[in-house]
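Worksheet for the structure shown next.
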Amino acid sequence: MPTELNGTQHLQTPWNKDKIIGQKRPLKLQEVWAIRIRLQLAQQIRELALFNLAIDSKLRGCDLVGLHVSDIAHGHTVMHRAIVLQQKTQRPVQFEITEQTREALTTWIAHAKLKDGQFLFPSRKHASPHLSTRQYARVVECWVISIGLDPSAYGTHTMRRTKATLIYKRTKNLRAVQLLLGHTKLESTVRYLGIEVDDALEMAEQTEV
DNA sequence: CGGCTGCAAGATTTGTCTAG
DNA sequence: CTAGACAAATCTTGCAGCCG
């Protein structure tokens, strides 16, 4: 758009006009735990389930809020693994649901009396299908603020990036990260994580053998 | 009221195409 | 074959306003 007034005022200027935002940062392991504990103590059943699943699934926000109960659970039992078709790329990704996430989800499903065909995170409004990504983003922001981090550096993509980064740091297994994120090519993963290509390919080869 | 949806529009993500 | 360009989908986030 044309006019950019005083860059720092919060009037009605586009939120990111002339601002350099950059990628959203991933959470550190201890930060994940900090948030998790807070939610547990606060008895935030829905948010705890949402948070745990977000970390575990590494799904994009739009895929996460659009999840059905039947995608991750059979009857009253939450599955250990789930396969979801990504909306953006139309490719399936498989992810593991950890113990505590299953617990949180089970509690949430029981608490909200959700049925198989319903959305996992239903909207309050009848006309809307499920929780909006807008609200999800806001919830994430709340989490970040609650543990004293800068909200502008983290977002919903932080959730997606967090586990992938942790796994890469720990195992150096790019191949695994690629599968977990559902990327089609190693190059995409490399670009995403911002790793040197030679470095990455070399590692992938070593891992393959 | 407070939680939530929807919109707008620049930024980021990620599959794919293209040149070297 | 690879890096870079391109494009389509998605994200980010202030703001307005609706619903339970």
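Chain letters run A, B, ... following the sequence lines, proteins first and then strands; every chain starts at 1.
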[options]: which one has an atom nearest the side-chain heavy atoms of [X]?
{"X": "A:Arg138", "options": "C:dT10, C:dT13, B:dC4", "result": "B:dC4"}
{"X": "A:Cys62", "options": "C:dT10, B:dC4, B:dC7", "result": "C:dT10"}
{"X": "A:Ala137", "options": "B:dT13, C:dT13, B:dG15", "result": "C:dT13"}
{"X": "A:Arg91", "options": "B:dG15, C:dT12, B:dC4", "result": "B:dG15"}

For [N], does either OP1 or OP2 sit under 4.0 Å from a side-chain N or O belonging to [X]?
{"X": "A:Thr184", "N": "B:dG15", "answer": "yes"}
{"X": "A:Arg161", "N": "C:dC11", "answer": "no"}
{"X": "A:Gln87", "N": "C:dA9", "answer": "no"}

Rounded to whole angstroms, how far apart are [atom1] on [X] and [atom2] on [N]?
{"X": "A:Leu186", "N": "B:dG15", "atom1": "CG", "atom2": "C1'", "result": "14 Å"}
{"X": "A:Gln44", "N": "B:dG2", "atom1": "CD", "atom2": "P", "result": "16 Å"}
{"X": "A:Glu141", "N": "C:dT12", "atom1": "CD", "atom2": "C1'", "result": "10 Å"}
{"X": "A:Lys58", "N": "C:dC11", "atom1": "NZ", "atom2": "P", "result": "16 Å"}
{"X": "A:His183", "N": "C:dT10", "atom1": "NE2", "atom2": "C1'", "result": "13 Å"}
{"X": "A:Glu187", "N": "C:dG4", "atom1": "CD", "atom2": "C1'", "result": "12 Å"}
{"X": "A:His157", "N": "C:dT10", "atom1": "NE2", "atom2": "P", "result": "11 Å"}
{"X": "A:Asp63", "N": "C:dT10", "atom1": "CG", "atom2": "P", "result": "8 Å"}

In terms of the nearest nucleotide of DNA chain B, which residue is placed more toward the 5' end: A:Glu47 or A:Gln86?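 Checking each residue's closest nucleotide, the 5'-ward one belongs to A:Glu47.
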Identify, between A:Tyr136 and A:Ser188, the residue whose nearest nucleotide on DNA chain B lies closer to the 5' end.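 The residue mapped nearer the 5' terminus is A:Tyr136.
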Between A:Gln87 and A:Arg60, do the side chains contain a donor N or O and an acceptor N or O under 3.5 Å apart?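 Side-chain D/A pair, A:Arg60 to A:Gln87: absent.
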Closer than 3.5 angstrom, by distance alone: can the side chain of A:Trp108 be matched with the main-chain N or O of A:Leu50 as a donor-acceptor pair?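 No: the side chain of A:Trp108 does not pair with the backbone of A:Leu50.
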Counting distance only, does the side-chain N/O of A:Gln178 pair as donor-acceptor with the main-chain N or O of A:Thr184 below 3.5 Å?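 Yes; at least one donor-acceptor contact below 3.5 Å.
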Within the modelled atom types, does a donor on one side and an acceptor on the other bring the side chain of A:Arg191 and the base of B:dG15 under 3.5 Å apart?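 Side chain to base: pair found, below 3.5 Å.
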Please confirm whether A:Arg161 makes a cation-pi placement over A:Tyr192, using NZ or CZ under 6.0 Å from the six-membered ring centre and within 45° of the ring normal.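 That pair qualifies as a cation-pi contact.
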With sugar-phosphate meaning primed atoms plus P, OP1 and OP2, does A:Arg60 contact a base, only sugar-phosphate, or nothing at under 4.0 Å between heavy atoms?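 Since only primed, P, OP1 and OP2 atoms lie under 4.0 Å of A:Arg60, the category is sugar-phosphate.
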How about A:His130 and A:Phe121: are their ring centres within less than 6.0 Å of each other?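 Between A:Phe121 and A:His130, which both carry aromatic rings, the centre distance is not below 6.0 Å.
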